[in-house]
Number of protein chains: 2
Amino acid sequence: MADIPDRRARRRAETQDEILGLALGVMAEEGVAGLSMSTVARRLGVQPPSLYRYFPSRTAVYDALFERGQRQYLDAVRRAAEPHPPGLRALGASYEAGAQWIMDNQVLAQLLFWRPVPGFAPSPQAYAPALDIHAHFAGLIRGAVERGELHPDAAGDDGLALAASLIAGLVSQQLANEPDAGCTEGRYTRLVPRLPGVLASVYPPS
Amino acid sequence: MADIPDRRARRRAETQDEILGLALGVMAEEGVAGLSMSTVARRLGVQPPSLYRYFPSRTAVYDALFERGQRQYLDAVRRAAEPHPPGLRALGASYEAGAQWIMDNQVLAQLLFWRPVPGFAPSPQAYAPALDIHAHFAGLIRGAVERGELHPDAAGDDGLALAASLIAGLVSQQLANEPDAGCTEGRYTRLVPRLPGVLASVYPPS
DNA sequence: GAGTATTAGCTAATGGCATTAGCAAAAGCT
DNA sequence: AGCTTTTGCTAATGCCATTAGCTAATACTC
């Protein structure tokens, strides 16, 4: 019956995935820090200690979710920018896609961007995509500068920090105050499309 | 010995205050959601159940801290604005004082603005000052409009939302990425003094 | 000052949690 | 078929929040 090189490994990976999905559900209901291995085990139809065959600790579950989230988010913002040349348009598309992803994946986003879990710090490999995310936005802003859409200062340290803070601010306000609103209706996230314009008025091309 | 109307009530209030202080310390070490009644009791030199004479539950401790935080923060931003007439200058001073307070009281700030504790929602009375905070900033922005420092749109829904998001963005980025930096040195919070200028370039007076 | 009510502490107990140890059955491999 | 690896289980440990019930001290009343 060895029709597939490693059947067991595949089933194992499936189970791990199922555990992560259930964990997300629990976190959505109980809060990010409210993840309970026992609850996940119950929903999986298994005794709590059996989970430890798949993840060595609760922290490891967080870490796997962290990495998965980083990759999904990076994918979302990259894909959104792809159709455009690097510049303000691409930046706007990335902003919007990022905000959308965050509102659609709130618990994952909290884990990624706000670290609400005492004792959890992402492993270096789980954190790696975060650097790519930063590089992605930096690249778009440099592109906007080269196209004459922004003042060169926008690509400096302060400009990049401000650009990152603009989106972080809208999204964090939206999550804190109106977490159930859709991205396009929320009092805060509906302003996301205006961010490229905000950046341009702060850093008008020379 | 009844030299003071209610001696016991005073001692009780002192103990409650001491508990809140110890709780803040534990939260600073273990994370906001890592507050443990048992740890607080140990530090107070008392058995865990005795804490329940002072707070009916762990959630009640969070609630008391929430209210205390709201009041302190409101005080800080109000006091900073006082010397100035309502306008961009006062707004800048409030922004800076608020950012400073948050960086100096990170755990309290997380409790106030990011709700990282599953199952905790502030009671209406603990939440009350939050409305005053909003009104404070709205008043400053209206003042800036009246003084001709900002376009009237700045005092609309979108303008107020953007103004709140600007400071939220810088601070949340600072906390997430460089929590140990001082407010004036941090890559993000050092941009706080520029926020009135940012707002003015987005909403230039007609 | 004696008596009474209130308060603040204690210990013991309950039920939940993450995690570890050790065992038994199943699944795959040779 | 026999061996190894994997996956599940139960039992146990030590933590937690919280409740119940008791005792000593503290303050108030007469």
Side-chain angles (χ1 to χ4, degrees), chain A residues 1-20 22-27 29-65 111 116-121, chain B residues 1-20 22-27 29-65 111 116-121:
Chain A
M1 261 254 200
D3 46 4
I4 298 154
D6 215 341
R7 223 179 86 174
R8 240 176 352 189
R10 171 173 314 207
R11 257 199 80 70
R12 183 181 172 79
E14 280 172 12
T15 304
Q16 280 173 330
D17 236 55
E18 195 177 354
I19 289 171
L20 293 182
L22 291 170
L24 275 181
V26 174
M27 286 161 70
E29 291 166 33
E30 306 294 329
V32 176
L35 173 61
S36 138
M37 295 296 266
S38 299
T39 305
V40 172
R42 261 190 303 273
R43 297 193 182 178
L44 189 63
V46 103
Q47 292 298 320
S50 301
L51 282 190
Y52 289 76
R53 297 291 172 185
Y54 298 94
F55 292 95
S57 70
R58 193 173 70 127
T59 300
V61 174
Y62 280 125
D63 206 59
L65 286 174
L111 187 61
V117 184
F120 166 64
Chain B
M1 263 250 199
D3 46 4
I4 298 153
D6 216 341
R7 222 179 89 177
R8 247 190 328 205
R10 172 175 312 210
R11 256 198 81 70
R12 182 182 172 78
E14 280 172 12
T15 305
Q16 280 173 330
D17 236 55
E18 196 178 354
I19 289 171
L20 293 183
L22 291 170
L24 275 180
V26 174
M27 285 160 72
E29 290 166 33
E30 305 294 330
V32 177
L35 173 60
S36 138
M37 295 295 265
S38 300
T39 306
V40 172
R42 260 191 304 274
R43 297 194 182 177
L44 188 63
V46 104
Q47 292 297 323
S50 300
L51 282 190
Y52 289 76
R53 297 288 171 183
Y54 298 94
F55 292 96
S57 69
R58 194 173 68 130
T59 300
V61 174
Y62 280 125
D63 205 58
L65 287 173
L111 187 62
V117 184
F120 166 65

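Below, chain A is the first sequence line, B the second, and so on; all start at residue 1.
- Of all the heavy atoms in B:V32 and B:Y62, the pair that sits closest is O-OH, 2.8 Å.
- Distance, A:I19 CD1 to D:dT7 C1': 12 Å, rounded to whole Å.
- Between A:Y52 and A:S57, the shortest heavy-atom distance links the atoms CE2-CA, 4.0 Å.
- A:R58 approaches A:L35 most closely through the heavy-atom pair NH1-O, 2.7 Å.
- Going from atom CD of A:E14 over to atom C1' of D:dT6 covers 16 Å, rounded to whole Å.
- Per the geometry, CD belonging to B:E30 stands 17 Å off P belonging to C:dA18, to the nearest Å.
- In this structure, B:R12 does not reach the C:dT7 phosphate: none of its side-chain N or O atoms is under 4.0 Å from OP1 or OP2.
- Between A:R10 atom CZ and C:dG28 atom C1' there is a gap of 16 Å when expressed in whole angstrom units.
- Residues A:A41 and A:L51 approach most closely at N-CD1, 3.8 Å, considering heavy atoms.
- Taking atom CD of residue B:Q47 and atom P of nucleotide C:dT11, one finds them 5 Å apart after rounding to whole Å.
- The minimum heavy-atom distance linking B:L65 with B:A23 is given by the pair CD1-CB, 4.2 Å.
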Problem set entry | Footprint string (nucleotides 11-20 of chain D, 5' to 3'): B base within contact, S backbone only, - free, heavy atoms under 4.0 Å | B----SSBB-

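- Going from atom CZ of B:R53 over to atom P of C:dT11 covers 14 Å, rounded to whole Å.
- For the residue pair B:V26 and B:S36, the shortest heavy atom distance occurs at CG1-N, 4.1 Å.
- Dashed line: the shortest gap from a side-chain N or O of B:S50 to OP1 or OP2 of C:dC10 is under 4.0 Å.
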